[in-house]
Each structure stands twice: as structure tokens, then as C-alpha cells.
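In what follows, a structure is listed as C-alpha cells, so that the remarks can point back to it.
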Amino acid sequence: MNILRAVPFFIFAFAVLWYGALVLRFPTAGAIGTDPATYVQMALDLAQRGTVVHEFPLFTKLFNQNLSWDAFITPGYHIVPETGFVAPNFAFGFPLLLAFAYRVFGENALYWMTPLMGALALLATFALANELFRDVSPTCRDWIGALAALLLATTPKQIQLALVPMSDVPTQLFCVLAMWCAFRVVRETQRVFDADAPSAAHATKTLWVLYAYVALCGLALGIAYLMRHSALVMLVPLALVATRWGSTRREKIFLLAVSLFVFAITIAPDIFYRAKVLGNPFVVESPESAQTNFYDAPRQILQMLAALFSVTGLGPLILFVPFGWWILAREKKRFVAGVLAAWVLAFVFLHAPLTLTGVFENSLRYLIPAYPALALSASAALVWIFGLAWKEMRAAQTRFAKQSLGVYAIALFGIFALAIALRAAVGPERFVARAYGWMSETARNDLRVLNEQLPRDAVIGVSDQMAGATMLYA
């Protein structure tokens, strides 16, 4: 029994070690593409000049010569007519984190920060499983957390976005931390208001722990928002969890107000930044991200589902996600099922009408902050069906029921789907090669040679894919 109890921890350890080996084997030597290179440039500007607004000398000289300014500004930036600034198209939260790492540890920290956030996301997902499934046996709880962490570590799109300086995986981490803190508030609420405290001192200490988790929930959500504004939809599942904060209406309102107050303070710099640089505190950084087409939303929802079913997504295992919600509801865990479903569907419905969702591989990338909910839902379904199949096998020694065949069939399909979902654990190279923004050492050396041979302030014509990298390294 002790050995079986330890198996989930071995699986979780394997997931973390495998992920670490992947990061050490395939480190990026820099950043190419639009998003990664812009994030790095924003971090450098923050660290060196204290602002994400970049200066383009050639653009400044030629702007009044009736020329198109697009040729003199790298992709990832745009001119704001209302203020005259050349502003980045992305939120400054993630570059701010990169800038701190750069000032403390140097340039290499720019490329190691995202993999580190990915590793912490695995730990946070395992910890979240422990909070979500408190009313199940510790063994089942550990199995769900371990499988979810393993799925998260080996999912192709997660791998691709964890190796490059992109904001998706760090946003995912803080979404999970916000949810974990919210559920810790639920548990601390039971300790403070529902249980008899042995002493006044103990009650006061527990109350301060409760307030700390409430504040940390708002802080984590605020940081996630600063990195990617789409994280704001986490308010939907978090609101469901907040209904279990406090034992009276007054206590619920107070705890919710504290969390929202911390959240508001955290995102306040973003409001000021947009008012000053973008000319309006309610506009988004990228003009393209504000384009919507609600008539196209149903097609893009199907596109997102197809992407999740694809080789880069979860494959057939995605079918176990709604199955997991149904099982949780059937087992009288409707609250957990509702939270996980709301987490996933909030991101799906937010991005369904956006024009950018259908561009490149955004249909999967935009769902990365909800990947832990997908992994936990599918893992809950797998653990339940495998456990049921094991019971049926043991009972078959004395009796045989026809429904056992259905259980065995679903369990076999689960093994098949799990094997497909974990295929990247065997050969991750082909997925790393397709990682958007990943730079090989050879490409970095080529840019270094180019930088040495070209005269200072040379004008270089490059493609959109290499514009940001050329500005950074050449």
C-alpha cells in the first residue's frame, strides 16, 4: 500500500525532472519573431531607460518626409497618433519581470525566466489539485495532481511556449496561483468561522493567515492581468470560489473587497501607463487585438476545439475533459466541476470573437492559461475510470457484470489517449523545432558576426520574422 501511495509522487518527480532536462537540452540562444523579440526589447528598455517606449532614430529623422513609417519600426511596435509615442503592442507585466531578472542575473536570465515559470506552474498545478479535491482520498488526489503535472509538462504547445520569452506560461502560473490562493481562503474560512478555536491567540493568527491568502489571490490575479490582459476572465471562476469565502454575507463582502482592493492597486500602473502613452486608459496596447467579429465566433470555437484535438494539442484526451466534469458532478462535486468548466470556457468565449484567434496558432496559444484546468479535468476522469476498472477486475473473480465491458473499453481508450498525449516525452525535438521565437546558437552567432562586420548605425533590411532579433543582436 505504501508503494502504491508513493507512485504518484514518482510520476510528479519524473514530470519535473523531464521538464528540467528538456529546458537544459534545448535552451534558446535569443529571441526571434515578433512577440519574443519585442518582450526582450521591452525588458531591456525598462532595465536601461526605465520605459517600454522605444526610440527609433531613423523613424524620427524620416517621419516628416512623407514616407511610410512602417518600414522604420519593427513589428511589435506602433505609433500612437494621440501622444506621438512609439509604443509596444504588448502589456508590460512580463517584460517588467524580465527586466528585474536582467538587472540581477544578466542577459541569460532573459531566456531562463520563462522556463523557470513553467517549472513553477507544474508545482502550482500539483498543489492546486490538493486543494480542489480535498474531499477525495489522498491517493486519488495525488494521482490527479501527478497526471495533470505530467500532461502539462509534455503537452507540445506548453513545451513550445515555455522555451521562449513569451508571456503565456508566466500568465498561466499566476492564474493557477490565484486559484490556489482562492481555495486556500475557503479552507481557512472553515478553520476560522466553522471550527472552535482552542484559544484567542490561535484564532487571531488563523485570521491573519486568511487575510494573507485573500490578498495574495488579488495580487496573483493582478500580476496575471499585467502580463496578459485576457487573464481578467479568471474573475469568472474565482467569483464562484469566492461564494464560499466567509460564513456570513458581511464576511464574504469584506474578504472580496480586500482581494479586489489589492487587485486594483496591482493593476493601477497599467491604467496610468495606458493613459499617458496610449492616450486612453481603456484602450488595449495592440490595435489588432481589439478587432472582433462575433459572427465568426462559432467557427473559431470549433477551430479551438480542433486545435486541442490536434497533434499539437491534447489529442483524443481532450474528450476526457467534459467527461471529467460530468464525473465530478455525478460524484457530488459539482462545485469543483463548475470551477474547472468556468475556467476553460471563460478563455474560450473571450477569444472566440477576436480576429487574432484565427491567426497563426493563436487558437491554442490563447488557451494556455486554462491548460491546468484542462489537465486537471482530464486527469480526474482518468483516475476515476482506471479506479473503476480496477474494482471491476477484482470483482470479476467472483462475479461478472455486462457493464464491466463498457468500463474496460473506456479505460483502454483512456490508456490510448494518454499515450498519444504523452508522445512528446519520447521525442520532443520536432516540437521544439517549431517553437515560435526559439533561436539556435548558430543563428545567434550569425547575428553576432553581422554586428561585427556592419558599420555603426547601418540600415538593415530584414523580414518580419528577423526584424526584432536584428535590432537586438545586430
Side-chain angles (χ1 to χ4, degrees), residues 8 125-126 128-137 139-152 155 176 179 182-183 186 233-234 236-241 243-244 298 301-302 304-310 313-349 352 367 369-393 395 401-422:
T125 300
F126 185 82
L128 179 59
N130 188 58
E131 295 300 323
L132 277 171
F133 304 100
R134 295 296 298 177
D135 55 346
V136 303
S137 68
T139 302
C140 289
R141 191 164 63 226
D142 295 337
W143 271 103
I144 293 173
L147 281 179
L150 182 62
L151 286 172
L152 200 60
T155 301
V176 175
M179 186 62 69
F183 272 94
V186 175
V233 297
M234 284 296 295
V236 176
L238 288 173
L240 292 178
V241 183
T243 59
R244 297 198 172 185
I301 290 177
L302 294 176
M304 283 186 274
L305 294 176
L308 287 170
F309 197 86
S310 69
L314 293 173
L317 193 66
I318 193 63
L319 299 175
F320 282 84
V321 172
F323 185 47
W325 300 339
W326 176 78
I327 289 172
L328 289 171
R330 181 178 178 274
E331 296 295 315
K332 299 182 180 180
K333 299 176 180 61
R334 294 183 180 87
F335 177 69
V336 175
V339 170
L340 292 173
W343 188 346
V344 174
L345 296 178
F347 281 93
V348 170
F349 288 129
L367 297 179
Y371 261 43
L374 292 171
L376 288 166
S377 301
S379 298
L382 290 174
V383 170
W384 183 83
I385 195 64
F386 291 160
L388 186 59
W390 176 254
K391 291 179 181 178
E392 292 292 336
M393 289 177 61
K402 293 182 179 179
Q403 61 265 26
S404 299
L405 296 177
V407 173
Y408 296 153
I410 297 175
L412 288 175
F413 178 71
I415 294 173
F416 170 75
L418 185 61
I420 294 178
L422 299 177

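What you are looking at is a predicted structure, and each value in this text was computed from that prediction instead of being measured.
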| request: Could you tell me which residues satisfy side chain to side chain contact (heavy atoms under 4.5 Å, CB included) with Ala148, sequence neighbours excluded, listed by chain and number? | output: Thr125, Ala375, Leu376, Ser379
| field | Verdict with reasoning, Leu308 to Leu374, per side-chain contact (heavy atoms from CB on, under 4.5 Å) | value | CA-CA 10 Å; Leu308 287 170; Leu374 292 171; 4.0 Å; yes
| Leu132 and Ile144: CA distance, side-chain angles, deciding distance, side-chain contact (heavy atoms from CB on, under 4.5 Å) verdict | CA-CA 10 Å; Leu132 277 171; Ile144 293 173; over 6 Å; no
| message | Within this structure, what is the CD-CH2 distance for the pair Glu331 and Trp326, rounded to the nearest 0.5 Å? | response | 8.5 Å
| Under the side chain to side chain contact (heavy atoms under 4.5 Å, CB included) test, which residues partner Pro237, sequence neighbours left out? | Met179, Met234, Val339, Ala342, Trp343
| said: The criterion is side chain to side chain contact (heavy atoms under 4.5 Å, CB included); which residues satisfy it with Trp390, sequence neighbours excluded? | reply: Arg394
| query | Could you give the distance from CD1 (Ile415) to CD1 (Ile385), rounded to the nearest 0.5 Å? | reply | 10.5 Å
| task | Show your reasoning for whether side-chain contact (heavy atoms from CB on, under 4.5 Å) applies to Val136 and Val383. | result | CA-CA 11 Å; Val136 303; Val383 170; over 6 Å; no
| query | Does the pair Leu151 and Leu418 meet the rule for a side-chain contact (heavy atoms from CB on, under 4.5 Å), with working shown? | reply | CA-CA 9 Å; Leu151 286 172; Leu418 185 61; 3.9 Å; yes
| request: Grab the two heavy atoms, one from Ala389 and one from Ala411, that are nearest each other, plus how far apart they are. | output: CB-CB, 3.9 Å
| said: Using the side-chain hydrogen bond (donor to acceptor under 3.5 Å, both in side chains) criterion, which residues pair with Ser377? Sequence neighbours excluded. | reply: Trp325
| Taking all non-hydrogen atoms of both residues, which atom of Ala337 and which atom of Ala329 are closest, and how far apart? | CB-N, 4.2 Å
| remark: Closest non-hydrogen atoms of Asp142 and Phe126, given as atom of the first, atom of the second and distance, are O-CE1, 3.8 Å
| query | What are the two closest non-hydrogen atoms of Val186 and Arg244, and how far apart are they? | reply | CG2-CB, 4.1 Å
| said: As an exercise, state the distance from CZ of Phe335 to CG of Leu240, rounded to the nearest 0.5 Å. | reply: 6.5 Å
| task | Could I get the full list of side chain to side chain contact (heavy atoms under 4.5 Å, CB included) partners for Asp135, not counting sequence neighbours? | result | Lys333
| field | Approximate separation, where rounding is to 0.5 Å, of Leu152 CG and Tyr371 OH | value | 9.0 Å
| query | Excluding sequence neighbours, so at least two apart, what forms ring pair (Phe, Tyr, Trp, His ring centres under 6.0 Å) with Phe413? | reply | Phe320
| Quick one: CZ on Phe416 to CG on Leu317, what's the gap to the nearest 0.5 Å? | 11.0 Å
| Say you draw a straight line from CD1 of Ile410 to CZ of Phe386; how long is it, rounded to the nearest 0.5 Å? | 11.0 Å
| task | Please report the closest heavy-atom contact between Ala381 and Phe323, naming both atoms and the distance. | result | CB-CD2, 3.9 Å
